Protein chains: 2
Amino acid sequence: MLSKKTRYSILAMVKLAKEYNKGPVLISSISETELIPKKFLESILLELKRNGFVNSKKGKGGGYYLIKSPDQINLADMLRLFEGAIALLPCAAYKYYESCGHCKDEQTCGIRSVIKEIRDETVRMMKGFSLADIINRENDLLKNK
Amino acid sequence: MLSKKTRYSILAMVKLAKEYNKGPVLISSISETELIPKKFLESILLELKRNGFVNSKKGKGGGYYLIKSPDQINLADMLRLFEGAIALLPCAAYKYYESCGHCKDEQTCGIRSVIKEIRDETVRMMKGFSLADIINRENDLLKNK
DNA sequence: TAATAGTCTACTTAATCGATAGATTTAATA
DNA sequence: TATTAAATCTATCGATTAAGTAGACTATTA
């Protein structure tokens, strides 16, 4: 299950994607519409900024905004930031690889092998979902209602 | 990432699967070959027993053994025991459903919709991997080495 | 009945999660 | 230039969970 931090970051990013190219969005505006504790959201947005997802403008008329276009940001990127590895085991991860410290030979470990297979498919799916896809999905669901 | 508890339980179950129909296996034997702290392993096996995965025999010649055959126990079942929901969001879970408390209308929430899609595929994959599959995989990897 | 092996209760310790408070810096505008 | 609006930084906090340990107890069987 995703942490609140990750959930909040996704909610915030989708919100910013909806306001893409419409100027900066206030923290307090995101906080209110998405029901996220303001102070907590501040720290999340700051981290998103440090990692190149968003940018901000200080002072009057300031706020946060997406740097890249909504179809250039996918779920896999966002999850990795706050959750770390996508794989279920460290020995099956690429970007966050670590030995599990249990099996004698990683190359022939059956557990690792199947977990890797799951990981590969999960990453493939997550990369296939961008912020733009999520917004389109929402519009489709509204239409067919 | 899976908790140590879950990892240890998978290691222990695979071990028991390898010894299926060969009589009870000692906690200390599992602890030693799989490098799992004994006391911690005790509590894990107890929980696996309470949940119908294994059974035990006390006294001399005792130990733990699988109840069901290794091809009848899959990854999804095992993960759910110690990790809870497989879905990344509570609103996308079946067996552990909870409202997320953020969107106005769950039926048209784009985030939930894509997370559900990922969940469905993940569960499908996990159900496809049994303890027997993991052991077969290991044998295949050894053969092709 | 002695030895063996699982079971139960109760801790402990460290890390992480979720969140808040308050002071500071930056920028726009009146 | 003073005022105000925003983001930023530092620091801390309480609650929960993860990981693991200790030790007494119970059941089995040779």
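These figures come from a predicted structure and were not determined experimentally. Residue numbering restarts at 1 for every chain, and letters A, B, ... go by the order of the sequence lines.
Counting non-hydrogen atoms under 4.0 angstrom, A:Lys4 reaches the backbone sugars and phosphates but no base. Across all strands, B:Lys38 comes closer than 4.0 Å to no nucleic acid atom at all (heavy-atom distances). The residue B:Leu45 sits apart from the nucleic acid: no heavy atom pair falls under 4.0 Å.
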> Please walk me through it: do A:Ser3 and A:Glu83 pass side-chain hydrogen bond (donor to acceptor under 3.5 Å, both in side chains)?
Replying inline: CA-CA 8 Å; A:Ser3 67; A:Glu83 300 286 323; 3.0 Å; yes
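Side-chain contact, A:Asp77 with A:Asn74: a donor N or O sits under 3.5 Å from an acceptor N or O. A side-chain donor from one of B:Thr33 and B:Lys15 sits under 3.5 Å from a side-chain acceptor of the other. Side chains of B:Gln72 and B:Ser130: no donor on one and acceptor on the other come within 3.5 Å.
Rounded to whole angstrom, the span from the CD atom of A:Glu83 across to the C1' atom of C:dG18 amounts to 14 Å. We find that CG of A:Leu41 is positioned 12 Å from P of C:dT20, with the value rounded to whole Å. For the pair A:Ile44 CD1 and D:dA7 P, the interatomic distance rounds to 14 Å; values are reported in whole Å. A:Leu2 places its CG atom 14 Å from the C1' atom of C:dC17, with the value rounded to the nearest Å. For B:Met1 and C:dC17, the CE to P distance is 13 Å, given to the nearest whole Å. The CG-P distance, from A:Leu48 to D:dA7, rounds to 14 Å in whole Å. Atom-to-atom, NE2 of B:His102 to C1' of C:dG18 comes out at 12 Å; the value is rounded to the nearest Å. What separates NZ of A:Lys5 from C1' of D:dT16 is a distance of 16 Å, to the nearest Å.
Closest to the side chain of B:Lys60, out of C:dC8, D:dT29, C:dT20, is D:dT29. Of the candidate nucleotides D:dG20, C:dC8, D:dA7, D:dA7 has the atom lying nearest to any side-chain atom of A:Ile27. In the set D:dT28, C:dT26, C:dA28, the nucleotide with an atom closest to the side chain of B:Lys58 is D:dT28.
With rounding to the nearest 0.5 Å, the separation of CG in B:Leu45 from OH in B:Tyr8 is 13.0 Å.
Comparing A:Gly61 and B:Gly59 by the nucleotide of DNA chain C whose heavy atom lies nearest to each, the residue mapping closer to the 5' end is B:Gly59.
A close approach under 4.0 Å does occur between a side-chain nitrogen or oxygen of A:Lys57 and OP1 or OP2 of C:dA28. Distances shorter than 4.0 Å separate some side-chain N or O of A:Tyr8 from OP1 or OP2 on C:dA19. Side-chain nitrogen and oxygen atoms of B:Arg50 include at least one within less than 4.0 Å of the OP1 or OP2 phosphate oxygen of C:dC8.
Side chain B:Lys39 to base D:dG23: a donor-acceptor pair is found below 3.5 Å.
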